**Student:** 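Dumping the structure here so I can ask a few things about it.
Worth knowing before you read on, the calculation uses all heavy atoms, side chains too, and leaves out hydrogens, waters and symmetry mates. All residue numbers in this chain count up from 1 along the given sequence. What you see is a predicted model, and the numbers here were worked out from it, not measured in a lab.
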Amino acid sequence: MAAIISCHYCSTLPNSKFFTPKIPTNHFRFPFSQNNFLSRRFGPRCSAQNPHQKEVRSYSLKKCAISIALAVGLITGVPALDWSANAYAASPVFPDLSVLISGPPIKDPGALLRYALPIDNKAIREVQKPLEDITDSLKVAGVKALDSVERNLRQASRALKQGKTLIISGLAESKKDRGVELLDKLEAGMDELQQIVEDRNRDAVAPKQKELLQYVGSVEEDMVDGFPYEVPEEYRNMPLLKGRATVEMKVKVKDNPNLDECVFRIVLDGYNAPVTSGNFIDLVERHFYDGMEIQRADGFVVQTGDPEGPAEGFIDPSTEKTRTIPLEIMVEGEKAPFYGATLEELGLYKAQTRLPFNAFGTMAMARDEFEDNSASSQIFWLLKESELTPSNANILDGRYAVFGYVTENEDYLADVKVGDVIESIQVVAGLDNLVNPSYKIAG
């Protein structure tokens, strides 16, 4: 399988036969941990003959220093990741510690997707933020939380009244009528939430907040007019998702008396990962994953996508070769993704990715550790937040291509085990955003 991460000087992440995070035991030797980071099916992580060793060692001082800092956290226990010795990731990038402690992180998948939309409308963001902040307000015990919720609501209502004209002016012309209708629903919903707060009905707050944020997200999506940039010419003829799509993955769960099957809803973000998302949707339409077993589930990640036989990815029938895609990373403040290199290789040590590994159920491509452009069909979902993968500043960001989040039933990913079967993955929305679909050519 692929791997996610591996470091020559420390160890503890997940692997997969072709692409997922893990660290081989001979790669990171901590006296207090025998876990691995991320590995792939291409052989042992580390060996005396490894041609990359000299390059890795040239950075040993920096990596060792950061490894020591991270080691303190590892003593508390990082989940063991047993992936095949071949599942790898690119040489780990260790961001500055100042980045590691930046925060507070956004962990809600819906919020991450809303903030990742390619829009620049301050007025709608000023409505969105206090509504998102209701989540933190509800962490206060009892009805006292409602006082904070009311402040959040007043702030959002004031922002909507003052910024409504600017919000409407930011709507795409073809979507303006729908956007105005959504804003009216948002305004009415805020009045309903105000009544809920006045009635001191704490339990009704979260469902109403979710509804209001769905309106906000829909308005923000209506601000996107077409696809915002050109994909590089060398990837332009690949399957591309120019927008967003939603899939439902139905998993048959074995040996669990409390759960027979589960349907996971996943939103794929083609605005920030068009090549990666397009490749996945194209494979879904080929029914590539239907009937495939979960191949790794160790409490840190869930992984699948390694086909039976010697192939480590999808074999394109038209070429009889493995179809691979480039590493694709969108960075905050950039108009288009970076391709073919990790952020460390680009020298962007403090850059924040637009789609971070923050949420439980973050979905990404696994790949060969030493080849940035080796992703094919192996995918993984991150479950465990550990000392090495804290939200907003972890060693996966900028090394693996995130292209979506599980938005419904994500908590059940923790119940999925190796051998459970993906009965089907179906596109339920956004298939019209897929261009250059090779599955149609294949018939």
Side-chain angles (χ1 to χ4, degrees), residues 1-5 13-22 37-40 79-83 87 89 107-110 112-113 116 245-253 259 261-269 272-273 276-277 279-281 283-284 288-289 292-306 353 355-367 375-386 388-391 394-397 399-426:
M1 282 185 119
I4 289 187
I5 293 186
L13 273 171
N15 307 345
S16 147
K17 175 179 178 182
F18 194 68
F19 323 47
T20 338
K22 169 180 178 177
F37 249 149
L38 314 161
S39 73
R40 156 186 172 170
L81 306 167
D82 294 322
W83 295 12
K107 299 183 181 182
D108 177 72
L112 289 167
L113 287 163
T246 303
V247 300
E248 289 186 348
M249 179 175 70
K250 186 176 181 181
V251 178
K252 179 71 173 178
V253 179
L259 187 66
E261 65 180 29
C262 189
V263 177
F264 300 96
R265 179 165 282 234
I266 307 166
V267 175
L268 309 174
D269 190 350
N272 294 294
T276 311
S277 300
N279 174 73
F280 177 74
I281 289 287
L283 293 176
V284 166
F288 176 84
Y289 298 99
M292 187 174 286
E293 291 187 351
I294 298 299
Q295 295 150 357
R296 180 181 179 180
D298 50 22
F300 183 73
V301 299
V302 169
Q303 183 170 336
T304 191
D306 181 20
T353 56
L355 299 176
F357 281 92
N358 280 16
F360 190 98
T362 298
M363 185 176 185
M365 294 298 297
R367 63 177 177 81
S376 179
S377 60
Q378 293 192 40
I379 54 177
F380 68 93
W381 293 270
L382 182 68
L383 307 184
K384 181 75 173 179
E385 181 174 322
S386 71
L388 289 177
T389 57
S391 294
N394 67 72
I395 61 178
L396 298 183
D397 285 335
R399 298 178 188 83
Y400 294 89
V402 174
F403 63 104
Y405 296 99
V406 180
T407 59
E408 289 185 17
N409 292 327
E410 62 268 28
D411 291 345
Y412 287 105
L413 280 170
D415 296 311
V416 172
K417 301 291 184 291
V418 172
D420 291 346
V421 177
I422 298 174
E423 293 187 334
S424 65
I425 303 181
Q426 295 183 327

**Student:** Does Phe288, at its CZ atom, have more than 12 non-hydrogen atoms belonging to other residues, nucleotides or ligands within less than 6.0 Å?
**Tutor:** yes

**Student:** If I compare all heavy atoms of Thr276 with all of Met365, which pair ends up nearest, and what's the gap?
**Tutor:** CG2-CG, 3.2 Å

**Student:** Asp420: what forms a salt bridge (Lys or Arg N to Asp or Glu O under 4.0 Å) with it, not counting sequence neighbours?
**Tutor:** none

**Student:** How about Thr353 and Val402: do any of their side-chain heavy atoms sit closer than 4.5 Å?
**Tutor:** no

**Student:** For the side chain of Asp298 and the backbone of Val301, is there at least one donor-acceptor N/O pair under 3.5 Å apart?
**Tutor:** yes

**Student:** Might you point out which heavy atoms bring Phe403 and Ala364 nearest each other, and give the distance in Å?
**Tutor:** CE2-C, 3.7 Å

**Student:** As an exercise, state the distance from CG of Leu268 to CD1 of Ile281, rounded to the nearest 0.5 Å.
**Tutor:** 4.5 Å

**Student:** For the atom pair OH (Tyr405) and CZ (Phe357), what is the distance rounded to the nearest 0.5 Å?
**Tutor:** 8.5 Å

**Student:** Quick one: does any side-chain atom of Asn279 pair with a main-chain N or O of Ser376 as donor and acceptor, under 3.5 Å?
**Tutor:** yes

**Student:** Can you list the steps and then say if Arg265 with Thr246 is a side-chain contact (heavy atoms from CB on, under 4.5 Å)?
**Tutor:** CA-CA 7 Å; Arg265 179 165 282 234; Thr246 303; 3.6 Å; yes

**Student:** Take Thr407 and Leu113 through the side-chain contact (heavy atoms from CB on, under 4.5 Å) test and state the conclusion after the steps.
**Tutor:** CA-CA 10 Å; Thr407 59; Leu113 287 163; 3.9 Å; yes

**Student:** Could you tell me the separation between the CD1 atom of Ile422 and the CE atom of Met249, rounded to the nearest 0.5 Å?
**Tutor:** 5.5 Å

**Student:** So which atom in Val418 and which in Ala297 form the shortest heavy-atom distance, rounded to 0.1 Å?
**Tutor:** CG2-N, 3.5 Å

**Student:** Quick one: pull up CG in Leu382 and CZ in Phe300 and give me the separation to the nearest 0.5 Å.
**Tutor:** 5.0 Å

**Student:** Between Leu413 and Val406, is a side-chain contact (heavy atoms from CB on, under 4.5 Å) present by the stated rule, with each step listed?
**Tutor:** CA-CA 9 Å; Leu413 280 170; Val406 180; 3.9 Å; yes

**Student:** Check whether any side-chain heavy atom of Val253 lies under 4.5 Å from a side-chain heavy atom of Glu261, and answer yes or no.
**Tutor:** no

**Student:** Are Trp381 and Ile266 packed together at the side-chain level, in the sense that at least one heavy-atom pair is separated by less than 4.5 angstrom?
**Tutor:** yes

**Student:** Restricting to non-hydrogen atoms, name the atom on Pro109 and the atom on Glu410 that form the minimum distance, rounded to 0.1 Å.
**Tutor:** CG-OE2, 4.1 Å

**Student:** Which heavy atom of Ala116 sits nearest to which heavy atom of Leu355, and what is that distance?
**Tutor:** CB-CD2, 3.8 Å

**Student:** So, are Glu423 and Lys250 salt-bridged, with charged N and O less than 4.0 Å apart?
**Tutor:** yes

**Student:** Working to the nearest 0.5 Å, report the span between CD of Glu248 and SG of Cys262.
**Tutor:** 10.5 Å

**Student:** Ring pair (Phe, Tyr, Trp, His ring centres under 6.0 Å) for Tyr289 and Phe280? Distances and angles first, verdict last.
**Tutor:** CA-CA 10 Å; Tyr289 298 99; Phe280 177 74; 5.3 Å; yes

**Student:** First locate atom OG1 of Thr362, then atom CG of Leu396, and finally report the distance between them rounded to the nearest 0.5 Å.
**Tutor:** 9.0 Å

**Student:** Between the main-chain N or O of Gln295 and the side-chain N or O of Thr304, is there a donor-acceptor pair closer than 3.5 Å?
**Tutor:** no

